[in-house]
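This chain uses plain numbering: 1 for the first residue, then up along the sequence. Fair warning: this is a prediction, and the values are worked out from it, not measured in the lab.
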Amino acid sequence: EDVVAELAKLEVDLIHPEGAPPFMFQGFEGERKLIESWVERYGIPMMTSGQVQVEALRALHMKNIVVSAYTNGETNAMVTAYLEEAGFNVLENAGIEVPFEQAGNLSHQQVYSHTKAAVLRHDDCDGILLFGSGWRSLDAIELLEQDLELPVVHPVPARVWSVQRRLQINEPVDGFGRLLAEMP
């Protein structure tokens with residue numbers, strides 16, 4: 001909150017405290033209440049990475065999702081619980097087996113293959129969340145959407161989409177999936 005207060009003193013238009021897990025560990029409702037209290041206290045619109053991803057999943061009309069991640073264990077369980085509390089059916093949270101500090105070394109082809117295999121295990125999947133900004137997954141978004149004919153949400157394009165919406169900017173961007181291309 002100290003950093004949020006510091007930014008609020010600068011009278012910025014929007015604050016986006018970053019890092020999904022620290023907020024998601026509070027649960028969807030706990031996070032919502034915390035952010036609402038900060039908005040009330042500082043008078044500046046705010047949203048977290050988790051909130052942005054939920055908004056993007058909803059904008060693309062997803063309900064039954066597969067999460068593909070470079071995390072595992074406790075983090076994946078927390079992300080699943082958060083998303084389910086937000087109203088989604090997480091069919092699988094497929095963590096790729098890689099040491100956390102090596103996630104950035106995975107190619108987008110590896111992300112694509114890992115994610116596609118997880119999605120193909122679920123006939124009722126209607127969307128994909130590529131969880132985490134620390135792996136090279138941006139170039140996998142359009143490949144997955146084209147090949148599987150399903151929308152894909154990634155934290156970075158979701159953040160760009162959300163900021164544009166909040167600042168009333170409508171500048172579609174091609175190459176990073178339906179969310180940015182269509183700006184729903």
Quick one: does [X]'s side chain have a donor or acceptor within less than 3.5 Å of a partner on [Y]'s backbone?
{"X": "Gln164", "Y": "Glu171", "answer": "yes"}
{"X": "Thr75", "Y": "Thr71", "answer": "no"}
{"X": "Asp126", "Y": "Lys63", "answer": "yes"}
{"X": "Glu145", "Y": "Pro151", "answer": "no"}
{"X": "Glu85", "Y": "Phe28", "answer": "yes"}

Hey, are the side chains of [X] and [Y] touching, using non-hydrogen atoms and a 4.5 Å cut-off?
{"X": "Arg41", "Y": "Val4", "answer": "no"}
{"X": "Ser68", "Y": "Leu129", "answer": "no"}
{"X": "Leu150", "Y": "Val119", "answer": "yes"}
{"X": "Leu130", "Y": "Ile141", "answer": "yes"}
{"X": "Val98", "Y": "Leu106", "answer": "yes"}
{"X": "Asn72", "Y": "Glu97", "answer": "yes"}
{"X": "Asn93", "Y": "Leu83", "answer": "no"}
{"X": "Leu10", "Y": "Glu6", "answer": "no"}

Assigning hydrophobic clusters by single linkage (Ile, Leu, Val, Met, Phe, Trp, Tyr; side-chain heavy-atom cutoff under 4.5 Å), is [X] placed with [Y]?
{"X": "Val52", "Y": "Leu60", "answer": "no"}
{"X": "Val79", "Y": "Phe100", "answer": "yes"}
{"X": "Tyr42", "Y": "Leu14", "answer": "no"}
{"X": "Trp38", "Y": "Val54", "answer": "no"}
{"X": "Met78", "Y": "Leu34", "answer": "no"}

After noting the C-alpha distance and the side-chain angles of Tyr82 and Glu31, does the key distance pass the side-chain hydrogen bond (donor to acceptor under 3.5 Å, both in side chains) rule?
CA-CA 10 Å; Tyr82 176 93; Glu31 175 191 57; 2.3 Å; yes
Rounded distance [0.5 Å steps], [atom1] in [X] versus [atom2] in [Y]:
{"X": "Arg58", "Y": "Met62", "atom1": "CZ", "atom2": "CE", "answer": "12.5 Å"}
{"X": "Asp2", "Y": "Leu7", "atom1": "CG", "atom2": "CG", "answer": "11.0 Å"}
{"X": "Thr48", "Y": "Arg32", "atom1": "OG1", "atom2": "CZ", "answer": "12.0 Å"}
{"X": "Met24", "Y": "Thr80", "atom1": "CE", "atom2": "OG1", "answer": "9.5 Å"}

Taking side-chain contact (heavy atoms from CB on, under 4.5 Å) as the test, write out the residues that go with Arg136, two or more places apart.
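side-chain contact (heavy atoms from CB on, under 4.5 Å) check on Arg136 returns nothing, list empty.
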Applying side-chain contact (heavy atoms from CB on, under 4.5 Å), name anything that partners Val173, two or more places apart in sequence or on another chain.
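In terms of side-chain contact (heavy atoms from CB on, under 4.5 Å), with neighbours along the sequence ignored, Val173 is linked to Phe176, Leu180.
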Just wondering, are more than 12 heavy atoms of other shown residues or ligands nearer than 6.0 Å to CD in Glu40?
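It does not: Glu40 CD has 12 such atoms or fewer within range.
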Regarding Lys33 and Glu29, does a basic nitrogen lie under 4.0 Å from an acidic carboxylate oxygen?
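Looking at Lys33 and Glu29, the cut-off is not met.
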Is it true that Arg178 and Glu142 have a side-chain N and a carboxylate O under 4.0 angstrom from each other?
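Judged by the 4.0 Å cut-off on N to carboxylate O distance, Arg178 and Glu142 do not form a salt bridge.
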With distance as the sole criterion, is a donor-acceptor pair present between the side chains of [X] and [Y] under 3.5 Å?
{"X": "Gln53", "Y": "Ser49", "value": "yes"}
{"X": "Asn64", "Y": "Asp124", "value": "no"}
{"X": "Ser162", "Y": "Arg166", "value": "yes"}
{"X": "Asp147", "Y": "Tyr112", "value": "yes"}
{"X": "Tyr70", "Y": "Gln102", "value": "no"}

Residue pair [X] / [Y]: nearest heavy atoms and the distance that separates them:
{"X": "Ala158", "Y": "Val153", "result": "CB-CG1, 4.1 Å"}
{"X": "Trp161", "Y": "Pro184", "result": "NE1-O, 2.9 Å"}
{"X": "Glu92", "Y": "Ala118", "result": "OE1-O, 3.7 Å"}
{"X": "Ala181", "Y": "Asp174", "result": "CB-OD1, 3.6 Å"}

What verdict does the side-chain hydrogen bond (donor to acceptor under 3.5 Å, both in side chains) test give for Ser137 and His154, after you've listed the backbone C-alpha separation in whole Å, the side-chain angles of each residue and the deciding distance to 0.1 Å?
CA-CA 8 Å; Ser137 50; His154 181 286; 2.8 Å; yes
After noting the C-alpha distance and the side-chain angles of Val39 and Ile35, does the key distance pass the side chain to side chain contact (heavy atoms under 4.5 Å, CB included) rule?
CA-CA 6 Å; Val39 169; Ile35 296 304; 4.2 Å; yes
Output side-chain donor-acceptor pairs under 3.5 Å for residues 16-23, partner residues at least two apart or in another chain, one line each.
from	atom 1	to	atom 2	distance (Å)
His16	ND1	Met47	O	2.6
His16	NE2	Glu18	OE1	2.8
His16	NE2	Arg159	NE	3.3
Glu18	OE1	Arg159	NE	3.0
Glu18	OE1	Arg159	NH2	3.4
Glu18	OE2	Arg159	NH2	3.2

Could you please spell out the steps behind the side chain to side chain contact (heavy atoms under 4.5 Å, CB included) verdict for Val66 and Thr115?
CA-CA 8 Å; Val66 167; Thr115 304; 5.6 Å; no
